[in-house]
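Below is one structure, written out as structure tokens; comments come after it.
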There are 2 protein chains.
Amino acid sequence: MTEPHTSTELAMRKLREAILSGELLPGDKLHQDRLADTLGISRTPLRAALTTLAQTGLVTYESNRGFAVREFSFDEVAGAFAVRAELEAMACRLAAGRMTETANQHLARLVAEGDRLLEPGQLLPDKLGEYRQMNVDFHTTVMQLSGNPWITSFVQSLHNVPAASDRVIMWRDFRVIERSHDDHRRIAHALALGQGERASAIMREHITFALEHLHLQLQLYPQDFLRVPVFDKPVKGRTGGRSKRTNP
Amino acid sequence: MTEPHTSTELAMRKLREAILSGELLPGDKLHQDRLADTLGISRTPLRAALTTLAQTGLVTYESNRGFAVREFSFDEVAGAFAVRAELEAMACRLAAGRMTETANQHLARLVAEGDRLLEPGQLLPDKLGEYRQMNVDFHTTVMQLSGNPWITSFVQSLHNVPAASDRVIMWRDFRVIERSHDDHRRIAHALALGQGERASAIMREHITFALEHLHLQLQLYPQDFLRVPVFDKPVKGRTGGRSKRTNP
DNA sequence: ACCCCGGGGTATGGATACATTTCTTGCCAA
DNA sequence: TTGGCAAGAAATGTATCCATACCCCGGGGT
């Protein structure tokens, strides 16, 4: 990955991170002057970054009204999972007919990596990052093996939907994690055998269940991941904010 | 559709049109100064437009090297059709369970519109625009009936792939058009009956066949729609061994 | 001859200044 | 009090200017 030598990319990364991490809340208005000041850049690259993020779907845009952090309804999140399930299942079907020895090894390595991380009988907090990365890699690998770049591209977009991403792993139940990892094992196995439909079915269930589990967790611990304030926008008054530089 | 009273949107429309119509050829470099001059705007909104188009996929972008009209390989076009088939088939499945009386009427109206346009026993050239619009509307309607906004959004993206769009209708064989329209009729029929799998299957074949037909046409009349010079890019021979990536 | 290196022209990236639109607020009238 | 209106404030959209990176071409070393 190329590092951002350009201010635009830097702004994009910072903003994306701020949004996905919850530092910026859904519905928050993205004030160009203030944001530019905060990021230490001018409005030009900031606007470029916002434009890109708007296309990506992380923020919304309206003419002459500016940008705002996008809010997602649960239905939209559910829809994202549904499309992911469909596309990744499709990827499995396609990949099954294109497997090579190196592809098999690659998937096997990712499965082994997961085995290693789960070997202690629990997912240790300091291993969470690695596990998350392994998970993302597994799904990405399968999609790339499909040979259809659109699949990868669209699923990538869906990962920008908060809580719909592979990056989100907050499963408290270790058995769920274990089962999920076992899905990976079976998918890799089926692909190695060229059994596309089988791999496809497992993948579909793998993702569909993730949604179901998210839904359940959402009801149990709503505040944890989806901070979608239904009515009370915090509206940071920022009374102590500086006044503008120029005077009338 | 709202009129673009912002220069950025104007630039986006003009550029998109210029690219999809073939006025700008794949691989063409998009010179900011010259383009801005041509469009009668300054570089700032032009760059915003180009940024958006780059995210959309119509143009490519590289840091400090600018924008260029994107080139698509046939495999990419084929992949676009494959994903379209999958997503629109999915839309049918979902829509079948959500049909209402007004939805039925809407689809029926579109089918009737097609009947009217094809009634003469051929597709008259001056009716081509109307038919194309009807075709787009039909597919869009089904996707919106699915209730999953991601489907509409992604298929919309795919329409930006030259030759993968519903807008492209250059079927010389009237029977093909008639058959295609009959697919629409059957899809509407199946949806009205709540037969999601059936509608889904027809839709998948409808789109898969479109690709096959495109492939055939491409072989017969290559110069007509895909001007993808396969090899004769004006490859600028790099005389010097100058490394292109400099140290940060 | 070939290749590496460097300088100038040119194009892109970013910052600032200006124009236009929208939002806010205070006032007046019903 | 409430509703609307208008003027000012503030934010967005655009133009222009400056900085920086890249490309091309010529020169010198091997």
Side-chain angles (χ1 to χ4, degrees), chain A residues 2-15 24 27-55 59-69 233 235-248, chain B residues 2-15 27-55 59-69 233-248:
Chain A
T2 58
E3 309 319 317
H5 278 97
T6 125
S7 300
T8 301
E9 291 198 22
L10 181 136
M12 265 186 45
R13 301 213 171 189
K14 292 230 177 187
L15 285 174
L24 290 169
D28 277 3
K29 204 158 178 323
L30 295 171
H31 237 285
Q32 297 181 7
D33 256 324
R34 265 175 266 175
L35 263 185
D37 195 42
T38 301
L39 296 174
I41 60 177
S42 100
R43 278 177 53 211
T44 310
L46 172 65
R47 284 180 54 101
L50 287 172
T51 301
T52 301
L53 292 179
Q55 275 305 113
V59 307
T60 61
Y61 168 75
E62 280 177 291
S63 302
N64 292 314
R65 273 198 217 169
F67 300 86
V69 181
K233 290 276 156 294
V235 182
K236 325 194 163 182
R238 287 287 83 105
T239 56
R242 68 179 61 83
S243 53
K244 49 185 284 194
R245 307 179 295 268
T246 56
N247 289 333
Chain B
T2 59
E3 312 315 317
H5 50 311
T6 112
S7 302
T8 302
E9 292 196 23
L10 181 135
M12 264 186 45
R13 302 214 170 187
K14 291 231 178 188
L15 285 174
D28 278 1
K29 202 158 179 318
L30 295 171
H31 221 284
Q32 296 181 7
D33 257 324
R34 263 173 267 174
L35 264 185
D37 195 43
T38 302
L39 296 174
I41 60 178
S42 100
R43 277 178 54 210
T44 310
L46 172 65
R47 291 191 47 183
L50 287 172
T51 302
T52 301
L53 291 179
Q55 271 307 109
V59 307
T60 61
Y61 168 74
E62 280 177 289
S63 302
N64 293 312
R65 276 202 209 170
F67 299 86
V69 180
K233 287 273 150 291
V235 176
K236 332 175 191 271
R238 310 200 45 71
T239 57
R242 179 78 171 279
S243 68
K244 48 183 167 187
R245 289 206 48 181
T246 52
N247 200 331

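Only heavy atoms go into these numbers, but all of them, side chains included; no hydrogens, no water, no symmetry mates.
- The CG-C1' distance, from B:D37 to D:dA15, rounds to 14 Å in whole Å.
- OP1 or OP2 of D:dT12 has at least one side-chain nitrogen or oxygen of A:K29 nearer than 4.0 Å.
- How far CG of B:L53 is from OH of B:Y61: 14.0 Å, rounded to the nearest 0.5 Å.
- Here the closest non-hydrogen pair linking A:L24 and A:L30 is CD1-CD2, 4.0 Å.
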Test side chain to side chain contact (heavy atoms under 4.5 Å, CB included) on A:L46 and A:T8 and set out the steps. CA-CA 6 Å; A:L46 172 65; A:T8 301; over 6 Å; no
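- Residues B:P45 and B:E9 have side chains not in contact (no heavy-atom distance under 4.5 Å, counting atoms from C-beta outward).
- Remark: B:S42 is not in phosphate contact with D:dT16, judged by side-chain N or O atoms under 4.0 Å from OP1 or OP2.
- Computed from coordinates, the B:E62 CD to D:dA21 P distance equals 17 Å when rounded to whole Å.
- Here B:T44 contributes atom OG1 and B:Q32 contributes atom CD; the two are 9.5 Å apart, rounded to the nearest 0.5 Å.
- Within residues 43-51 of chain B, the residues approaching DNA chain D are B:T44, B:P45, by heavy-atom distance under 4.0 Å.
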With the criterion being N/O to N/O and under 3.5 Å, what pairs connect the protein with nucleotides 19-24 of chain C, and how long is each?
unit_1: C:dC23; atom_1: OP1; unit_2: A:R65; atom_2: NE; d: 3.4

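- A close approach under 4.0 Å does occur between a side-chain nitrogen or oxygen of B:S7 and OP1 or OP2 of D:dT14.
- Atom CD of A:E62 sits about 6.5 Å away from atom OG1 of A:T60, to the nearest 0.5 Å.
- A 4.5 Å side-chain heavy-atom check between B:L35 and B:L15 finds at least one atom pair inside the cut-off.
- The two atoms that bring A:A68 and A:G27 nearest to each other are CB-O, 4.3 Å, heavy atoms only.
- One can place CG of B:L10 at 11 Å from P of D:dA15, the figure rounded to the nearest angstrom.
- Summarising the geometry of B:T51 relative to A:A48, their closest heavy-atom pair is CG2-O, 4.0 Å, with the distance given to 0.1 Å.
- Residue B:F67 is classed as having no contact, given no heavy-atom separation below 4.0 Å to the nucleic acid.
- Between B:L35 atom CG and C:dT10 atom P there is a gap of 19 Å when expressed in whole angstrom units.
- Regarding A:R34, its CZ atom lies at a distance of 10 Å from the P atom of D:dA10, rounded to whole Å.
- In this structure, A:D33 places its CG atom 12 Å from C1' of C:dA15, rounding to the nearest Å.
- Separation of atoms CZ (A:F67) and CZ (A:R47) is listed at 5.5 Å; rounding is to 0.5 Å.
- Taking each heavy atom of B:I41 and B:S7 in turn, the nearest pair found is CG2-CB, 4.0 Å.
- Regarding contacts with the backbone of D:dG13, a side-chain N or O of A:Q32 is found under 4.0 angstrom from either OP1 or OP2.
- Remark: DNA chain D takes part in the stems C:1-30 with D:1-30, each of 3 or more antiparallel Watson-Crick or G-U pairs, criterion distances under 3.5 Å.
- Look at CD on A:E9: it is 14 Å from C1' on C:dG14, rounded to the nearest Å.
- More than 12 heavy-atom neighbours from other residues, nucleotides or ligands sit within 6.0 angstrom of NZ on A:K29.
- Residue B:T8 places no side-chain N or O under 4.0 Å from the OP1 or OP2 atom of D:dG13.
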